[in-house]
Amino acid sequence: MSGTRWVIAFLILLAAAGVCAAAEGSDPALDKYYNANALCRRGLYPLAIKDFEAFLSAHPKHEKVPLAQWGLA
């Protein structure tokens, strides 16, 4: 691959990473929610419960509330 192609490929990768980072960081309220889901998938239920409860108490009107409540069930 020529030098120009490497530069173009690198710039495309940087742009894609920036878009993904912006999408992930668009709703900081979801950090606890996603962390709770990850903990639940790993079988760490007491820790997942704490994160689901923290999410629900901090963001009682968030669109993910029903899913967090289901996660607690």
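From a predicted model like this one, the values you see are computed outputs, not experimental measurements. Positions are given from 1, in the same order as the sequence printed here.
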**same_hphob_cluster(Leu39, Leu72) at 4.5 Å side-chain heavy-atom cutoff** = no
**Item:** Inter-residue atom distance Phe52.CZ - Asn37.CG, 0.5 Å rounding
**Value:** 4.5 Å
**Those residues that, when tested against Asn35, pass side-chain hydrogen bond (donor to acceptor under 3.5 Å, both in side chains) (two or more places apart)** = Asp51
**Item:** Closest non-hydrogen atom pair, Leu30 against Phe55
**Value:** CD2-CE1, 4.4 Å
**Asked** What side-chain hydrogen bond (donor to acceptor under 3.5 Å, both in side chains) pairs are there with at least one residue in residues 52-73, not counting sequence neighbours?
**Response** Asp27-His62
**Item:** Shortest non-hydrogen contact from Ala48 toward Cys40
**Value:** CB-N, 3.8 Å
**Prompt:** Would Tyr45 end up clustered with Tyr33 when hydrophobic side chains under 4.5 Å apart are linked, directly or stepwise?
**Reply:** no
**Prompt:** Can Leu56 be reached from Tyr34 by stepping across I, L, V, M, F, W or Y side chains whose heavy atoms are under 4.5 Å apart?
**Reply:** yes
**Request:** Could you pull out all residues at least two apart from Ala38 that satisfy side-chain contact (heavy atoms from CB on, under 4.5 Å)?
**Result:** Arg41, Arg42
